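In what follows, every heavy atom counts, from backbone to side chain, and hydrogens, waters and symmetry copies are set aside. Since the structure is predicted, the reported quantities are computational estimates derived from the model, not experimental observations. All ligand and atom numbering here is 1-based and tracks the order in the structure.
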Amino acid sequence: MFTIDDLADRLGGYLPADEIQQVKRAFYYAEQSHDGQRRRSGEAYVTHPLAVANILANMHMDHQSLMAAMLHDVIEDTSVDKPAVESQFGESVAELVDGVSKLTQITFEDKAVAQAENFQKMVLAMSRDIRVIIVKLADRLHNMRTLGALRPDKKRRIARETLEIYARVAGRLGINTIRIELEDLSFQAIHPMRAERIKRAVVNARGHRRSAMHQVQSTLQQSLEEDGLRGTAMGRQKHLLSIYRKMRDQRKSFAELMDVFGFRIVTDDVASCYRILGVVHNLYKPVPGRFKDYIAIPKANGYQSLHTTLFGPRGMPIEVQIRTREMEAMANNGIAAHWLYKAGQTDHPIAEGSRERARAWVKGLLEMQRHAGDSLEFIEHVKNDLFPDDIYVFTPKGDIMELPQGATVIDFAYSVHTDIGNSCIACRIDRQLAPLSTRLESGQALDIITAPAARPNVAWLNFVITAKARSAIRHALKHQQQQEAVQLGRRLLNKALSVFETSVEELDDSLVERALEELEFADRNALLESIGLGRHMAYVVARHLVDLIDGQGAASSESKSQQPVVISGSEGMVTNFARCCHPLPGDDVVGHLSAGKGLVVHRAECRNLTDKNNPDKLFTLEWADDIAEDFPVALRIEIESHRGLVAELAGLVTDADANIEGISIEERDARLSSVNLTLAVKGRVHLARIIKRIRNLHSVEKIYRLGQ
Ligand code: MN
């Protein structure tokens, strides 16, 4: 059985003693945390994290990745939490473990295949530290190796997810050893019979061709030596899934595929690669059009190599790959190869941030790209894949939505559908209610709660970031304001017309048309809107309309209507409550039309009502009977200063079912303070009750309402 000491021996090959010690400590911690837990196979659970760490050791990953591998299941499966890991092993290791746990929590389900591309991006977006993915890939690899006795349908589900997501992510990062093994294990789980047949056929074919292979290999090796070139030629095998795919997609027979011999020659430097190519082309005639120079023009994931196909002995095709040792490491381990080479070059590399290393990897690709002189598209592709600027979240149906970094719940709602944004009232993120302004993170599952009568809130504009949400909110608000202005305008005009004992509805259509033309309005609603917004005076318009009716008008126009306009406080954007006097239900109120703002409600005694000499702009208003809103009101209290003053006032106000919206205190002298208090109350009666209670405090000298 593989033990921690076996692993420690292996690590001795590339890690310093103190780092190996830390890896061991992480192992013992994991062993204790998982104590009593077993794997399905019956083995102690800790054998799994140990095996995962071993996979990473084969890739020469750093000690923090290995420690994270040891601890990767403790947060998910034991009582240990992230702070505990952090206090034991430091912040970076804790972040890695936490990152792996988060990836583990996502269930890709059946959507995986349809949205594989987005899922891959989500995985990358969730892993700010690229090592998180590498640990997760190793974890998945060991789980695939030990799928064992799972139910076939469950096996297939995991295998499909592995194939569509993890194998592809490994491919994007160039980690081909893991990609290939994940692909073959998945293939065997999904199509056990086909995999078995191909496997057996490969063994047979290899047996038949062994001597021919051997002959070509030694010929290659020999000609390298004759030309004084250092390099090792070896036979290459295709993996099961790639054989299967070629048979399926290129409709090739198995015999055709196995007819091709694959070789790889690994050498020291780039110059030798091209010289070896020359030697090989000299030895066997190349097949025209099959030479590819991936050294000059690397593949998107950084893969570099020379590829050529030759006519071998008796005309059998031979595929040859030629590359340096570094390229070989890159081809096998991709981004992970970076740790290998850094560690190899210096005694003890300064612990660079993993993101920095990943950036360095990308930079390396850029460098190669510059030499190759290819399009910028390639660079963008790689960069965006590794460090997506976008976030990826789930809709309730399990679809993935792509949003820019910093997007909020409201942005999400509008990106699903404008109607959903407009009627959004609340949201659940991962089943928890959350504020609409919450900034989203990749991997979250969102559920928007809507109400048919809901309207967008102007405050949303303060935090939304997508253009779609912004313009949809603006549009909806504008539309809403228009509607409300039309309604108010209709009420105001009807009130003015009631003096003449008529109403908009009763007027003759052709008459209204004429008036609209003369006043230069496109239609009836435009006129009403303009009245509602205070741009046109209802009284003047009414006069105009009435003047158009023969003989009517002047007679009764001197007396103004006694019927007041009724307000309920919930009219919306075209009815405003004056901040100077804070009118309350129960107060005598007067409406003032102000251009562009609509109706502003003042208390009748408000000093700011300077338009008294312009009665056309003023309206008598009346409160509706059933008002549900709270209204702000300002009070001043002169009170003897003492400790606990604010708490005392707050207690009184709350007991009286009101809310404090603002409070400020100034000291008047050594004994007295003035308190300015803004409350939200139901109305005049409610306010009177509160004032009475406050006045009952023996320290209160004086209390009065502001704004007269
Ligand atoms: Mn695991």
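For residues 135-154, the ring pair (Phe, Tyr, Trp, His ring centres under 6.0 Å) pairs, not counting sequence neighbours, are H48-H142.
Of all protein N, O or S atoms, those under 2.8 Å from the Mn ion (ligand 1) number 4.
Defined by atom type and a distance below 3.5 Å, a donor-acceptor pair is present between the side-chain atoms of D73 and Y45. N143 and R140 form no side-chain donor-acceptor contact under 3.5 Å, judged by distance and modelled atom types alone.
Relative ring orientation between H191 and Y244 is described as tilted, the plane-to-plane angle lying within the 30° to 60° band.
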In sequence, state the C-alpha distance, the side-chain angles, and the governing distance for K468 and D411, and then conclude on salt bridge (charged side-chain N to carboxylate O under 4.0 Å, His left out).
CA-CA 8 Å; K468 183 174 185 198; D411 290 299; over 6 Å; no
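Salt bridge annotation for R156-D153: absent, with no cationic side-chain nitrogen under 4.0 angstrom from a carboxylate oxygen.
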